[in-house]
Amino acid sequence: MIKYKRVEHIAVAVRNLDAVRDTLGRIGLHCSHEETLPGPGVRLAMLPIGESALELIESNNPNSQTSRWIQDRGEGLYHICLEVDDIEAALTELRDKGIKLIDQVPRSGHGGHRIAFLDPSSTAGLLIELVEMSAEAAH
């Protein structure tokens, strides 16, 4: 049975990462890591909160999934990321339980961690990301 370790991060889709990051900095949420992921066409910033983080995601590609999300729904909650020890075992178990997967196999995500997304049609409309942290495990 899958053991979820923690909510690794909650992702928020934003139009202007710099502006939102600066606004949240004024209330004490400070960025520890920024990176650009060319594959999905996004720029992200991680703002740690205890054992978890808030992830700000800005699209740098007008045709990306994040851009389409913002166009359809506006800025706001994008996905919830849950940490697992063994992402391949988790995907196999979920697939066996009839959960639809966006990613059939893990791929590289933020910080070089292994990630995979579950199809929201199987999770009550919620986009869920699974992450297996790399050995460095730092934001």
With a 4.5 Å heavy-atom cut-off, do [X] and [Y] have their side chains touching?
| X | Y | result |
| --- | --- | --- |
| Tyr4 | Val84 | yes |
| Met133 | Lys5 | no |
| Arg95 | Gln104 | yes |
| Leu101 | Asp119 | no |
| Glu55 | His79 | yes |
| Ile102 | Pro120 | yes |
| Leu91 | Val105 | no |

Single-linkage hydrophobic cluster, 4.5 Å side-chain cutoff, [X] and [Y] together:
| X | Y | result |
| --- | --- | --- |
| Leu54 | Ile115 | no |
| Leu94 | Ile128 | yes |
| Trp69 | Leu126 | no |

How close do [X] and [Y] get, heavy atom to heavy atom, and via which atoms?
| X | Y | value |
| --- | --- | --- |
| Ser134 | Gly111 | OG-O, 4.0 Å |
| Pro40 | Ser64 | O-CB, 3.5 Å |
| His30 | Gly25 | CE1-O, 3.2 Å |
| Leu127 | Leu118 | CD1-O, 3.6 Å |
| Ile57 | Tyr78 | CD1-CD2, 3.7 Å |
| Pro106 | Glu88 | CG-CG, 3.8 Å |

Working to the nearest 0.5 angstrom, can you tell me the gap between [X] [atom1] and [Y] [atom2]?
| X | Y | atom1 | atom2 | answer |
| --- | --- | --- | --- | --- |
| Ile10 | Leu47 | CD1 | CG | 12.0 Å |
| Leu82 | His9 | CG | NE2 | 9.5 Å |
| Cys81 | Glu8 | SG | CD | 4.5 Å |
| Leu56 | Met46 | CG | CE | 9.0 Å |
| Leu44 | Leu37 | CG | CG | 5.0 Å |

Residues in salt bridge (Lys or Arg N to Asp or Glu O under 4.0 Å) with Lys97, at least two apart?
Glu93
Please step through side chain to side chain contact (heavy atoms under 4.5 Å, CB included) for the pair Ile2 and Leu130, ending with a clear verdict.
CA-CA 11 Å; Ile2 300 170; Leu130 302 180; 5.8 Å; no
State, without any angle test, whether Glu83 and His113 hold a side-chain donor-acceptor pair at a distance under 3.5 Å.
no
side-chain contact (heavy atoms from CB on, under 4.5 Å) involving Glu132 - partner list, sequence neighbours excluded:
Asp86, Ile87, Arg114
Quiz: residues 13-22 side-chain donor-acceptor pairs under 3.5 angstrom, not counting sequence neighbours:
{"unit_1": "Asn16", "atom_1": "OD1", "unit_2": "Asp18", "atom_2": "N", "d": "3.2"}
{"unit_1": "Asn16", "atom_1": "OD1", "unit_2": "Ala19", "atom_2": "N", "d": "2.9"}
{"unit_1": "Asp18", "atom_1": "OD1", "unit_2": "Arg21", "atom_2": "NH1", "d": "3.0"}
{"unit_1": "Asp18", "atom_1": "OD1", "unit_2": "Arg21", "atom_2": "NH2", "d": "3.4"}
{"unit_1": "Asp18", "atom_1": "OD1", "unit_2": "Arg43", "atom_2": "NH2", "d": "2.5"}
{"unit_1": "Arg21", "atom_1": "NH1", "unit_2": "Glu34", "atom_2": "OE2", "d": "2.6"}

Check for a donor-acceptor pair, side chain of Ser59 on one end and backbone N or O of Asn61 on the other, with a separation under 3.5 Å.
yes
Please check: side-chain N/O of Glu75 versus main-chain N/O of Val12, any donor-acceptor pairing under 3.5 Å?
no
Indicate, with yes or no, if the rings of His110 and His33 have centres closer together than 6.0 Å.
no
